[in-house]
Amino acid sequence: MINLPGFKTLGIQPIIQKRLQSNGISEPTPIQNETIPVLLEGKDVIAQAQTGTGKTLAFLLPILEKVDPNQPNVQALIVTPTRELALQITAELKNFTEVLNNIHALAVYGGQDVVQQMKKLKGAIHIVISTPGRLLDHMRRETIDLSEVSMLVLDEADQMLHLGFLPEVKEIITALPLNRQTMLFSATMTKQVRSIANQYMKKPVDIRIKNKQI
Ligand code: ADP
Ligand code: ADP
Ligand code: MG
């Protein structure tokens, strides 16, 4: 069997390395190489790289290393601009939770039965992947407990702010524990994205991959 020196060196557990391998993923992309070690150290990160460069795994893999399956709380919150993206990330995550079967993830997005979501949120969920509107809805109804969130991902941050979600994003962030790691992923660095980073992140490490590389 071929070894995966790349992901192994980055500190990814063997069971995940194996899964990556069976999905045909043998080497980390540049953005994964740069961000994963910094995220595993617990630092805030602003990661900028073009679409299609593997940003999803760049945050999912560190989250999977850091989530404590024995704590039945939402520990990681991933906020995305669209339902489609929330579902895509959830599917990608499922690949790994199939083998790490004590880690539970839930997608929470608009258009889905809210009562069903409320029921599922009462269970032991470690990772929530959500769109801003529906997430705020649950927060206001107090049907989601985010008091133990220690990792926040703002995925496709440029697109999220471009769609007009700035007020929602601010309201979500300010309701989270201050003692958390914030990860911001974006294809482009707009003024709005920068201002979110300046306002809500702690000494973020800036990582930028210029060319489209995979
Ligand atoms: P981005 O969020 O940067 O637009 P994605 O995370 O959606 O990109 O990844 C784009 C595609 O690249 C996906 O199909 C994903 O499975 C694949 N991919 C991710 N990481 C790797 C890798 N290390 N090697 C090969 N393919 C990868
Ligand atoms: P809900 O459906 O509960 O309102 P969200 O507001 O989080 O959930 O967004 C769900 C979907 O609606 C997303 O796919 C998003 O792209 C779309 N959407 C919401 N607000 C806007 C907006 N202002 N402009 C464009 N699309 C939007
Ligand atoms: Mg992406």
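Counting from 1, the numbers follow the sequence of the chain as shown. The figures that follow rest on heavy atoms only: side chains count, while hydrogens, waters and symmetry mates do not. All ligand and atom numbering here is 1-based and tracks the order in the structure.
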Please identify which atoms of ligand 1 are closer than 4.0 Å to at least one heavy atom of [X].
X     : result
Thr51 : 4 (O)
Glu27 : 22 (C), 23 (N), 24 (N)
Thr56 : 2 (O), 5 (P), 6 (O), 7 (O)
Gln50 : 3 (O)

Check each of Leu20, Ile25, Leu85 against atom 25 (C) of ligand 1 and report the one with the nearest heavy atom. Ile25
Gly52, Pro30, Ala187: member with heavy atom nearest to atom 10 (C) of ligand 1: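 Ranked by closest heavy atom to atom 10 (C) of ligand 1, first place is Gly52.
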For the Mg ion (ligand 3), check which protein N, O or S atoms are under 2.8 Å away and list them. Glu156 OE2
Is the closest basic N to carboxylate O distance between Arg19 and Glu98 below 4.0 Å? yes
Can you tell whether the side chains of Glu171 and Arg140 come within less than 4.0 Å, N to carboxylate O? yes
Are any of the N/O atoms on [X], whether in the backbone or the side chain, positioned under 3.5 angstrom from an N/O atom of ligand 1?
X     : value
Pro28 : no
Leu57 : no
Gln88 : no
Thr53 : yes
Ser26 : no

Using a 3.5 Å distance criterion without hydrogens, assess whether the side chain of [X] forms a donor-acceptor pair with backbone atoms of [Y].
X      : Y     : result
Lys55  : Ile31 : no
Asp68  : Asn70 : yes
Asp155 : Val79 : no
His126 : Val74 : no

Does only the side chain of Gln32 get under 4.0 Å from ligand 1, or the backbone, or both, or neither? Count heavy atoms. side chain
Identify the two heavy atoms, one from Pro132 and one from Glu168, that lie closest to each other, and give their separation to 0.1 Å.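 Here Pro132 and Glu168 meet closest at CB-CB, 3.8 Å.
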Exercise: do [X] and [Y] side chains pair donor with acceptor under 3.5 Å:
X      : Y      : result
Arg134 : Gln117 : yes
Glu148 : Gln71  : no
Asp158 : Thr188 : yes

Can you find a heavy atom in the side chain of Val114 that is under 4.5 Å from one in the side chain of His138? yes
Other residues, nucleotides, ligands: >12 heavy atoms within 6.0 Å of His162 NE2: no
